[in-house]
Amino acid sequence: MPLVTIDVIKDVFTEEQKHELIDNVTEAMVKVEGEAMRPVTWVRIMEVEQGDWAIGGQRLGASDVHAMSGKKAA
């Protein structure tokens, strides 16, 4: 059974976006392995507190991620 973990910074994605991620990742697994994989595919989203994630020593928050992506805050 596959377990897919998606790590994100808290408050970057809305609840709707997280549901969409779960649905799309599940569909990707089914596409590769077949429909029998659907009931045993686990997808979880792990939210990391803002400031507990860094790139190149720079701690990041949701506003930093949104600025990098050119999108407004969720």
Side-chain angles (χ1 to χ4, degrees):
M1 107 184 108
L3 168 61
V4 180
T5 302
I6 303 169
D7 294 320
V8 299
I9 296 173
K10 189 173 183 178
D11 298 329
V12 170
F13 294 98
T14 66
E15 289 301 311
E16 182 179 300
Q17 289 171 318
K18 289 186 281 186
H19 292 175
E20 188 174 346
L21 280 168
I22 290 168
D23 291 344
N24 288 339
V25 169
T26 300
E27 290 304 319
M29 291 301 301
V30 169
K31 183 177 179 182
V32 171
E33 293 292 328
E35 190 61 39
M37 192 60 59
R38 185 180 303 279
V40 296
T41 297
W42 296 25
V43 179
R44 67 181 179 172
I45 296 176
M46 304 297 292
E47 292 187 302
V48 177
E49 289 296 326
Q50 296 189 45
D52 288 350
W53 188 308
I55 298 174
Q58 291 292 113
R59 287 190 274 170
L60 301 173
S63 61
D64 300 308
V65 175
H66 291 295
M68 286 189 289
S69 69
K71 296 181 180 178
K72 292 183 179 178

ask   = Do V43 and M29 have side-chain heavy atoms sitting under 4.5 Å apart?
value = no

Heavy-atom pair with the smallest gap, counting every atom of A36 and P39 = O-CD, 3.4 Å

inquiry  = Under the criterion side chain to side chain contact (heavy atoms under 4.5 Å, CB included), I'd like the reasoning laid out for M68 against L60: C-alpha separation, chi angles, the key distance, then a yes or no.
reply    = CA-CA 11 Å; M68 286 189 289; L60 301 173; 4.1 Å; yes

note = So CZ of R59 and CD1 of I9: to nearest 0.5 Å the spacing works out to 12.0 Å

task = Write down the atom of H66, the atom of V12, and the distance for their closest heavy-atom approach.
result = CE1-O, 3.1 Å

E27: partners by side chain to side chain donor-acceptor pair (under 3.5 Å), with sequence neighbours left out = R38

query = What pairs with E20 under side chain to side chain donor-acceptor pair (under 3.5 Å), at least two apart in sequence or on another chain?
reply = none

request  = Write down the atom of M1, the atom of V40, and the distance for their closest heavy-atom approach.
outcome  = CB-O, 3.2 Å

request  = Nearest 0.5 Å please: distance from the OG1 atom of T26 over to the CE atom of M37.
outcome  = 11.5 Å

Option among I45, T41, I6 that satisfies the side-chain contact (heavy atoms from CB on, under 4.5 Å) test with I22 = I45

Co-membership, hydrophobic cluster, residues M46 and I55, 4.5 Å side-chain = no

Tabulate below the donor-acceptor pairs under 3.5 Å that side-chain atoms of residues 47-54 make, not counting sequence neighbours, or state none.
unit_1, atom_1, unit_2, atom_2, d
E47, OE2, K18, NZ, 3.1
Q50, OE1, A62, N, 3.0
Q50, NE2, K10, O, 3.3
Q50, NE2, D11, OD2, 3.2

